[in-house]
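Have a look at the structure below before the remarks.
Throughout, a chain's letter reflects where its sequence line sits, starting with A, and its residues are numbered from 1.
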Amino acid sequence: MDAHDTASPPLSRTPLHALHLARGGKMVPFAGYDMPVQYPMGVLKEHLHTRTNAGLFDVSHMGQIALRPKSGKVEDAALALERLVPQDIVAVPQGRQRYAQFTNAAGGILDDLMVANFGDHLFLVVNAACKTEDEALLRKELSSDCIIEVLADRALLALQGPKAAEVLTRLGADLAQMRFMDAGPRKVMGLDCFVSRSGYTGEDGFEISVPAADAEAFASALLADAAVAPIGLGARDSLRLEAGLCLYGHDIDTTTTPIEGDLVWSIQKSRRNGGARAGGFPGATAILSQIDGGTARKRVGLRPEGRAPVRDGAALYADTEAIGSVTSGGFGPSLNGPIAMGYLPISHGAVGTRVFAEVRGQRLPMTVTALPFVPHSYQR
Amino acid sequence: MPTLYTADHEWLRIDGDVATVGITDYAQSQLGDVVFVELPKLGRQLKKAEAAAVVESVKAASDVYAPISGEVVEVNDAVTGDPTLVNSDAADKAWLFKVKIADKSELDGMMDADAYEKHTA
């Protein structure tokens, strides 16, 4: 209940800032932006609304970057980007996107991102807190092959939930043919948008990049639909946690590799040992040896046995020995109970294993649980 | 005896030498949807300003500090059973615990309703 630090530097605003205020958004500092953590509906109802109807999220604080090949061939931009990520980018067909990570020399994760093939260039969406460093990395490492264009004049909106597609259809957008992880330029309400069928909630939904000047009118048109409510960062976090999705800076960071983070599924065979383009990204030695030989620890889902939430930073114990820690934790509204993710040794990482979290001097029992906590509803 | 308020957004209702303690409606509105409440053990000797209870929303855990020293003589099991009471009735049904006041002079300087309203304005 402490007041916010008033000595902090001025916060940036997204193109939807005035709309957040008009809608009664409770604004908080997040990654240098003044962002709505919740609206008058409240985090619980916003969360449940997204799971049953459609929620509109302002994610304009995230970085949008166009990677244009100097050769004119998108494969050259893909090959260049493969120098920075362990994913197969060359194999991403036009109109599709893929989840990726920028890695460091030790195999740690500098940021996680989405990469889409738009035919003549790649379109990247990166985390707000990392976007300055990401841009610098791209300029330093890829400028020989690519023109790096930060798309600062675009807003990014996410419409998530089982009614997201029908809402867009009602507004005349023909997006029904898209399936999960399709991505590309589309006309929506007459605007030049970049649309992907993806999101950060585990629900079906879309992320839509719109010109900043049109963002407020676009968002207002979506919010005029009775199925749509504005959703703040609070519910965004509880939704992604139930979906078992990583929050950069918490569940993954420079000290965790993609393998420890249980993201090995995101590294295609072509980049692994024996693959056509094995290695060739920062930290390849560490990451590829972990794929073959395993890791000492990994990210797991955790369910507290009681009602008390176990939060980020709580130490995890097996008997008396500290063996790991919680990296995300809170309350899952759809499960009506506390949930968490954290890192445990492989010896204690099997589903069903019981460990103890230290919370306010007490040891609370938790059970290792399969992720996601709430099944994904992607339209594949 | 009227209700007293602290700068930490707790209220106290005094009945003889027992203070009933809760958090204010302003505090619950700042916290948002409450999903968990942890109360002190019966018989615990509280020192003024130490963490006595915990109120957790979806997003965060907030300590409730003992507004006064003394022994915990009663806790509200209804609010641990249904934490949403804090949102629906912070000023009454969602009282948290009762303290047998050790030193009434610790009440000096607490706010009345008017002063608290100005404090949160």
Please check if atom [atom1] in [X] has more than 12 non-hydrogen atoms from other residues, nucleotides or ligands closer than 6.0 Å.
{"X": "Arg307(A)", "atom1": "CZ", "answer": "yes"}
{"X": "Asp108(B)", "atom1": "CG", "answer": "yes"}
{"X": "Tyr116(B)", "atom1": "OH", "answer": "yes"}
{"X": "Glu117(B)", "atom1": "CD", "answer": "no"}
{"X": "Lys100(B)", "atom1": "NZ", "answer": "no"}

Least distance between heavy atoms, Phe331(A) atom then Val58(B) atom
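Of all heavy-atom pairs spanning Phe331(A) and Val58(B), the closest is O-CG1, 3.8 Å.
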So, for Leu44(A) and Asp33(B), which heavy atoms are closest and what is the spacing to 0.1 Å?
N-OD2, 2.8 Å
Heavy-atom distances under 4.5 Å only: say whether Arg311(A) touches chain B with side chain, backbone, both or neither.
side chain
Contacting moiety of Glu46(A), where chain B heavy atoms sit under 4.5 Å
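It is neither, since no heavy atom gets under 4.5 Å.
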Is it the backbone or the side chain of Thr80(B) that comes under 4.5 Å from a heavy atom of chain A, or both, or neither?
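Thr80(B) has no heavy atom closer than 4.5 Å to chain A.
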Examine whether an atom of Ala60(B) lies under 4.5 Å from a heavy atom of chain A, and if so say whether it belongs to the side chain, the backbone or both; otherwise answer neither.
backbone
If we define contacts as heavy-atom pairs under 4.5 Å, which of Gly330(A), Ala308(A), Gly337(A), Pro333(A) has the most with chain B?
Ala308(A)
Using a 4.5 angstrom heavy-atom cutoff, name the option from Pro309(A), Gly329(A), Pro338(A), Gly234(A) with the most pairs to chain B.
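Maximum pair count with chain B is reached by Pro309(A).
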Less than 4.5 Å apart, any side-chain heavy atom of Val54(B) and any of Arg360(A)?
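In short, these two side chains touch, coming nearer than 4.5 Å.
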